[in-house]
Amino acid sequence: MRTALIALTLAVALPVLAADKPPAVPPPPPLPPVVSDDPGVEPEITIVERDDATVTEYRANGKLYLIKVKPKSGPEYFLSDDDGTGQMVRRDGQAPVRPPRWVILKF
């Protein structure tokens with residue numbers, strides 16, 4: 001009886017433990033084209049070490065287009081300027097949080 005109970009508990013618990021893997025971080029967007037007559041010009045990469053995170057900034061043509069943030073605790077994520085307007089979009093492989101909008105009581 002105990003053996004069957006232990007086997008049943010493990011059969012239920014192991015798939016649940018395997019499902020707790022963190023989601024994969026999506027790859028960063030492609031590099032914007034570098035406008036220059038010099039074929040040796042490459043994007044500038046700046047790495048800043050902070051107490052709580054490592055921040056890597058990617059610039060092309062003097063314009064910031066991608067930031068990679070790797071915190072000391074937690075998964076890394078990207079902030080990218082997809083359309084060139086300067087508005088950064090967070091990419092971390094997780095669905096955005098959408099709070100419920102249920103109407104419980106209306107007066």
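In plain terms, the two heavy atoms of P71 and A53 that are nearest each other are CA-CB, 3.8 Å. Taking all atoms of both residues into account, the shortest heavy-atom contact from G86 to D81 is N-OD2, 3.1 Å.
Contact check for V55 versus R50: side-chain heavy atoms found under the 4.5 Å cut-off.
To the nearest 0.5 Å, atom CE of residue M88 and atom CG of residue L64 are 4.0 Å apart. Taking CD from E44 and CD from E57, the interatomic distance works out to 10.5 Å, rounded to the nearest 0.5 Å. Note that CZ of R59 is 8.0 Å distant from CD1 of I67, once rounded to the nearest 0.5 Å. For the atom pair CD of E76 and OG1 of T56, the computed distance is 9.0 Å after rounding to the nearest 0.5 Å. Taking CD from Q87 and CG from L79, the interatomic distance works out to 11.5 Å, rounded to the nearest 0.5 Å.
Within a 6.0 Å radius of CD1 in I104, other residues, nucleotides and ligands contribute 12 heavy atoms or fewer.
Cation-pi geometry between R91 and Y77 is not satisfied (NZ or CZ under 6.0 Å from the ring centre, within 45° of the ring normal).
Put simply, I45 and L66 are part of the same group of oily side chains (I, L, V, M, F, W, Y) that touch within less than 4.5 Å, one to the next.
A donor-acceptor contact shorter than 3.5 Å links the side chain of K63 to the backbone of G84.
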